[in-house]
Amino acid sequence: MLLLAPLAAHAQPAVGTAALVGLGPQRTERIEAELVPMSQWATPGSTVIVAVRQAIQPGWHTYWRNPGDSGGPTTLDWTLPTGVRAGEIVWPLPERQRLQSLVNYGYSGAVLLPVPIEVPASARPGQVLSLRAQALFMVCSDQMCVPDELPLALDIEVREGAAPLDPAYGAAIQAVLTDAPRPAPIEARIALTDGRLTLSAAGGPLAGADIGRAHFFPFQGGVIDHAADQTATRGDQGLTLTLAPGRGARGGLSGPVAGVLATDAGAWEITAEPGAALAGTTGRAISGEAGEREDPAGGAGATGLLRAAGLALLGGLILNLMPCVFPILAMKAAALSASAHETRVARRDGLLFLAGVLATFLVLAGALLALRAGGQAIGWGFQLQSPAVIAVLGLLMLAVALNLSGVFDIGGSLQGAGRLSHVSGGAGAFLTGVLAVVVAAPCTAPFMAVALGAALVMPWPAALLVFLMLGLGLALPYVVVSLSPGLLRRFPRPGPWMERLRRLLAFPMYGAALWLAWVFARQTGGAALALLFGAGLMLALALWLFGLMQGERTAGRRSWLSGASALIALALATVAGVAAARAPVVEPGEASGETVLASQPWSPEAVQAAQVEGRPVLVNFTADWCVTCKINEGAALSSARVGQVITATNAVYLVGDWTRRDDAIARELERHGRSGVPLYLLYPAGGGEPRILPQLLTEGLVIDSLQEAAR
């Protein structure tokens with residue numbers, strides 16, 4: 001078995017060892033981690049070995065330096081005394097972890113990751129070296145991944161003389177170092193031939209070795225297909241492996257390929273240069289398989305996907321009842337009334353509305369997944385963290401409102417109420433579907449957060465399916481009605497009331513435009529807001545002139561003056577809008593006003609400090625563009641009773657403002673299986689993991705939860 005065997009449980013370090021002091025184990029519900037030493041003290045001018053000890057809960061795993069088809073490696077951000085330097089992690093040989101059609105490289109159970117620490121010769125005996133590291137573990141199960149960030153610390157004393165092994169972990173760390181892959185004088189070549197990679201290695205410990213099994217673990221992803229079988233042959237001087245190329249190598253090799261060659265005779269780091277196979281490396285066939293841990297995802301993965309898809313469908317249905325979608329609900333109702341007695345038109349518009357919703361969800365999901373694959377810490381609603389996007393959406397809402405008010409027409413028919421246009425027949429229904437998703441982005445419905453949180457750690461085809469199910473849920477009521485002649489006949493026939501309804505529907509859109517302007521001001525500042533107002537004024541003038549031009553053409557009069565004036569006003573609106581989007585933004589925190597309850601900014605340190613004091617902690621992850629957040633804050637987090645209970649329970653109220661991008665908040669959302677706000681966490685007074693409160697809060701729920709957490 002070419003695996004790192006799970007380490008046996010070790011006794012905890014003896015209390016009272018003066019040479020070594022640390023924070024001790026840091027825990028989440030998925031992993032326990034701490035810094036542990038190999039030696040009892042450090043010597044001036046030497047290299048001391050410490051290790052990150054991971055105790056991973058059953059059903060979860062962490063990752064090797066190349067995580068394989070998904071995941072991310074453990075990273076350490078060190079804070080060290082002057083002159084002390086930390087080396088790279090010495091990675092033990094990983095497991096192959098199969099998840100449906102994917103294979104990842106990582107660790108389960110207990111694992112030690114040794115790190116060499118260089119101690120300067122100037123270190124004085126009796127000095128205590130404070131080693132601090134912020135560790136980020138990507139901890140995954142078959143259904144989700146959570147980035148757990150833990151502070152690790154170890155104080156080690158400097159003494160003269162050779163240091164004996166630490167009695168708790170010294171021998172185990174030494175064993176990991178002994179067995180870990182290391183460089184060796186092995187010559188290696190790799191070539192792409194007939195769609196297969198041929199890797200040959202010869203010399204050094206391979207020459208004459210009795211090898212029965214071999215496997216290659218590349219340091220870089222995309223070079224090989226991690227899930228494909230590897231075949232191997234052995235000769236007198238070494239061995240040859242045949243590999244399936246990954247996406248990055250199918251067009252040819254761009255340079256050397258480095259990785260670990262693992263065999264039953266040992267494991268070594270090699271670098272294979274492009275070139276023909278080496279002599280003496282073929283002959284007898286051997287096993288190209290390595291030990292592989294089957295994740296329970298073969299069945300559970302499918303179950304997890306079905307569960308996430310079902311929650312997404314339910315969340316999409318509930319999303320129709322969220323405040324930010326009310327304007328579109330009214331527009332959809334008006335559109336149904338307009339075409340209720342034209343079955344063919346209603347059916348066409350329903351299907352095109354669905355197409356617009358699904359297409360927009362696909363675009364948003366694709367962008368979100370692509371940015372996350374590139375290392376960006378973002379979630380649902382990520383586009384609303386950009387002032388430029390907010391400015392464009394605000395101007396778009398203003399244009400829609402002016403259209404509904406009759407300032408200009410696209411289509412010009414009374415039956416256009418509820419649709420943006422009648423261009424190419426049902427194009428307006430499609431564009432209304434696009435607009436529905438755009439205005440729904442600030443809202444997160446119940447069940448939706450769990451589904452999206454799971455989707456963002458799934459393979460991309462499964463993730464896109466979850467997003468499509470969310471879109472289907474959003475569009476489903478409209479589609480069902482549009483395909484049901486019996487329901488359509490219950491709608492009133494078109495008449496003058498539709499024109500009045502159209503005018504009335506403009507006001508929710510004006511409100512949406514004003515709200516987006518407020519969000520823009522919170523993200524940027526007064527100067528940028530003034531420019532945005534100028535852009536809105538010029539856009540309104542341009543559209544009024546456009547409507548005037550339409551009237552002149554209908555009356556048979558010349559319209560070139562009003563048309564040219566509309567273009568000039570539109571150009572001025574564009575200039576002002578671009579200037580607003582590019583205006584200098586305020587520093588984070590300056591744009592946000594005070595919350596109703598006395599609060600402090602959220603940070604992991606603030607949570608930890610409050611827990612050390614034995615106080616309950618209520619955390620509100622919010623954003624100015626999140627309508628659900630603002631409703632909860634007004635209905636449940638603003639009353640005098642809640643404030644009195646917070647005081648009575650000695651609770652701490654922390655606010656994480658995600659109005660503008662904040663990677664620390666994004667990671668914390670992911671840690672709790674969420675992709676966006678709102679998220680409400682309540683840490684009990686006795687410490688431990690938080691309780692996640694519902695996404696829709698009531699005053700009574702918050703009060704009862706605080707009182708329970710204080711017990």
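Atoms CZ and CD, on R641 and E699 in that order, are 4.5 Å from each other to the nearest 0.5 Å. Annotation: the span from E149 atom CD to Q26 atom CD amounts to 12.0 Å, rounded to 0.5 Å. In this structure, L131 CG and L76 CG are separated by 11.5 Å, a value rounded to the nearest 0.5 Å. Here the straight-line distance linking atom CD1 of I31 with atom CZ of F137 works out to 5.0 Å at 0.5 Å rounding. Atom-to-atom distance recorded for R132:CZ and T79:OG1 is 9.0 Å, nearest 0.5 angstrom.
Side chain of N632 to main chain of L697: a donor-acceptor pair is present (N/O by atom type, distance under 3.5 Å, no hydrogens or angles). Using a distance-only test at 3.5 Å, with no hydrogens or angles considered, a donor-acceptor pair links the side chain of N104 to the main chain of D69.
A search for salt bridge (Lys or Arg N to Asp or Glu O under 4.0 Å) contacts involving R65 returns nothing, not counting sequence neighbours. For Y63, the ring-ring contact (aromatic ring centres under 6.0 Å, His included) partners at least two apart in sequence or on another chain are H61. Taking F621 as the reference, W602 meet the ring-ring contact (aromatic ring centres under 6.0 Å, His included) condition, with sequence neighbours excluded.
Between F219 and W64, the ring-plane angle classifies as tilted under the 30° and 60° cut-offs. In this structure, Y107 and W91 have parallel ring planes: the angle between them is below the 30° cut-off, well short of the 60° mark.
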